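Beneath this line is the structure, given in structure tokens, with notes to follow.
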Amino acid sequence: MTNKSPLIVRFWPWGFVLTLLALFVLSITAMPLYRAAKGWRAGFYLTEAREALEKKDYKLAVQRAKLCLQYRNDLGEGYRILAKVADAQQDPRSLNLWTTVLQSDGGGTDADRVALGEAALREGLSAVTQRQLDLLLAKPSPGKEVYNLAGLLAARQRTPALAREWFQKALAIDPEYKRAKVNLAQTQLLMPDNPRVEQEGIDQLLELAKRKDEWGLQSLRILTEWALAMPSRRPPRLDPAEMLRKHPLAKIQDRCLAAQWEIANHPEMKAAIVDALVKNLADLSETDLRDLAGWLNRIRLHEKTLAAFPLDAKAPDPLLLVQLDAMAALGRWQELDRFLEQDMLMAQPVLLLLFRARTAKELGRQTRYELCWKQAVRAAGKQPLALRYLAYYAETLGDLPRCVEAYENLSQVPEYEMDALLKLIRPYEKLGRTRELLTVLRRLLAMRPDDPTLNNDVTYLSLLLNDNSVQPFKRARKVYEADPQLPPFAATYALAQLRG
């Protein structure tokens, strides 16, 4: 046994305590320094992300913004940059990113709410846009961007007179606000009350098309798409496609739109026009390659897609998905099955699993189909975009019960609830599941209580199912009296009278 000095025995507990105290003081002193260092690194990467975004180097902007958020995940500006990149690339994830900005930045700015509203509108989520507008319009002096957003929502809801009024309010604040000018002209062109309004839209877009900036380009796109859809109403000597192709900011999608116009007018030259587009692919960006391949698929040139873009497991995800769609459209399931057996890393694994499931279904391999589908469901989790993919593919494959399951899960995500509920109506009707359909319609009615069509549908199904929880007899009279000329409303009222 080792003998200890009496002095050490007497003082060793105090030495231990003093050591712990010193470590505690050091940790208190070091923690602010550590946090400051993390903040400095986050700020450094944030600055680089801003600069990259300004230069439209989106890949670098995303990389630097993510590094910034690794050091400070509470910085709304980092998420804001990611959301702006997603907007620029028309990525559906921008909706969730703008939602995160508002949650992480003390409620966000009015500009953030406008951006969220526009992202929701692109995804067909008008209810989300309306909620943001209600908040923005309640403020003392809404900005021109708010009125412009209100105009976009009104146009989406097919109320052109109201849309024009909102756009004009935006222009009253700033007569040179190009976004509102283009939107106003587009509304006049696509939803005219009379030929004069339509001509005003054409004249305004032609004037704006002289500009060399993004709004000149957007005006040309609108004119070309309209001329394609309405060739008989195109003014003589108007060739928006040629102007579009020559615009200094024109991208591959614009060249594709111009080519579509040429094919429509000269179908005998289709092969030559397409061949000219697929030359010099090495000069195109990943986004341009995806857009060109997608356009070839849309005009049903799937063989041309695969000839220009041979199937490659190492291709970027967006391009690979277009290639897989081309293979599926051609019914090359055996070849596709062999290709999908490879180990592939995708940013969205659920898409790979869905393609495997679809291929197994087409080849009659039910057990493998069930396995791949279950794997896809696990991979999707509660991700809204993944759930959308699940629902779309299930409906494509005729698997309506799984389609319903995916949309029901999506309806639990607040931002996507209305969109999912609307999508549930058709599969429930096809399945003959009337009681579940009534539940869906009631949820929609709770969100849109003044919608006469929803009120009528809920009343009609309640009467059919002898469900008196919504007072169908009283509701049927109210709906009918609101518009007695509409046959569906009259039919519901007649059924109520019969049951009453």
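Since the structure is predicted, the reported quantities are computational estimates derived from the model, not experimental observations.
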Minimum side-chain heavy-atom gap Lys181-Glu176 below 4.5 Å: yes
Using side-chain heavy atoms (C-beta onward) and a distance below 4.5 Å, is Leu67 in contact with Arg41? no
Rounded to the nearest 0.5 Å, what's the gap from CG on Leu82 to CG on Leu97? Could you check? 6.0 Å
For a quick test of reading the model, state the closest non-hydrogen atom pair linking Leu116 to Leu102 and the distance between them. CD2-CD1, 3.3 Å
Decide, yes or no, whether a salt bridge links Asp419 with Arg388 under the criterion of side-chain N to carboxylate O below 4.0 Å. yes
Between the side chains of Lys246 and Glu242, is the shortest nitrogen-to-carboxylate-oxygen separation below 4.0 Å, so that they form an ion pair? yes
Would you say the side chain of Trp215 lies within less than 4.5 Å of the side chain of Leu208, judging by non-hydrogen atoms? no
Please determine if Asp288 and Lys251 form a salt bridge, counting it only when a charged side-chain N lies under 4.0 Å from a carboxylate O. no
I'd like to check Tyr45 versus Tyr71 (side-chain heavy atoms, cut-off strictly below 4.5 Å). Are they in contact? yes
Checking the side chain of Asn280 only, and the main-chain atoms of Asp283 only, is there a donor and an acceptor separated by less than 3.5 Å? no
Between Trp373 and Asp399, does any side-chain donor sit less than 3.5 Å from a side-chain acceptor? no
Heavy-atom closest pair (Leu281 atom, Ala308 atom, distance to 0.1 Å) is CD1-O, 3.5 Å
Gln412, CD atom: more than 12 neighbouring heavy atoms under 6.0 Å: yes
Are the side chain of Thr129 and the backbone of Ala120 linked by a donor-acceptor contact shorter than 3.5 Å? no
Keeping Asn183 on the side-chain end and Ala180 on the backbone end, is there a donor-acceptor pair under 3.5 Å? no
Residue Tyr416 excluded, over 12 heavy atoms near OH under 6.0 Å: yes
Tell me, do Leu53 and Glu48 make a side-chain contact under 4.5 Å, heavy atoms counted? no
Could you tell me whether a side-chain N or O of Asp112 sits under 3.5 Å from a main-chain N or O of Ala115, the two making a donor and an acceptor? no
Taking Leu162's backbone N and O only, do any of them form a donor-acceptor pair with Thr159's side chain (distance below 3.5 Å, no angle check)? no
How long is the straight-line distance from CG of Asp174 back to NZ of Lys144, given to the nearest 0.5 Å? 4.0 Å
Pairwise side-chain contact, Phe309 with Leu296, heavy-atom cut-off 4.5 Å (strictly under): yes
Going by an N to O cut-off under 4.0 Å, is there a salt bridge joining Glu417 and Arg443? yes
Before you tell me yes or no, could you show the steps for Leu289 and Val322 under side chain to side chain contact (heavy atoms under 4.5 Å, CB included), namely the whole-Å CA-CA distance, both residues' side-chain angles and the distance that decides it to 0.1 Å? CA-CA 10 Å; Leu289 290 172; Val322 175; over 6 Å; no
Flag the pair Arg402 and Glu405 as a salt bridge only when some basic side-chain nitrogen lies within less than 4.0 angstrom of an acidic carboxylate oxygen. no
Quick one: do Lys55 and Asp57 make a salt bridge, cutoff under 4.0 Å? no
With side chains defined as the heavy atoms from C-beta onward, is the minimum distance between Trp295 and Gln260 less than 4.5 Å? yes
First locate atom CG of Leu441, then atom OG1 of Thr453, and finally report the distance between them rounded to the nearest 0.5 Å. 11.0 Å
Any idea which heavy atoms bring Val85 and Ala61 closest together, and the distance? CG2-CB, 4.1 Å
Do Glu395 and Lys423 sit within salt-bridge range, that is, some charged N less than 4.0 Å from a carboxylate O? no
For Asp254 against Leu244, the heavy-atom pair lying closest together: O-CD2, 3.5 Å
If only atom types and distance count, is the side chain of Gln383 paired as donor or acceptor with the main-chain N or O of Ala380 below 3.5 Å? yes
Leu205 vs Trp226, side chain to side chain contact (heavy atoms under 4.5 Å, CB included): CA-CA, chis, key distance, verdict: CA-CA 11 Å; Leu205 286 169; Trp226 172 78; over 6 Å; no
Counting C-beta onward and ignoring hydrogens, is there a side-chain heavy-atom pair between Leu220 and His247 closer than 4.5 Å? yes
So if I apply the side chain to side chain donor-acceptor pair (under 3.5 Å) rule between Gln188 and each of Arg196, Glu198, Gln204, Arg164, which one comes out positive? Gln204
Does a side-chain N-to-carboxylate-O contact under 4.0 Å join Lys139 and Asp110? yes
Which atom of Asn148 lies closest to which atom of Ala170, heavy atoms considered: N-CB, 4.1 Å
Should Val413 and Lys382 be marked as a side chain to side chain contact (heavy atoms under 4.5 Å, CB included) after you check the CA-CA gap, both sets of side-chain angles, and the distance that decides it? CA-CA 8 Å; Val413 182; Lys382 295 297 181 182; 5.5 Å; no
Which atoms form the tightest heavy-atom contact between Ser462 and Leu438, and what is the distance? OG-CD1, 3.8 Å
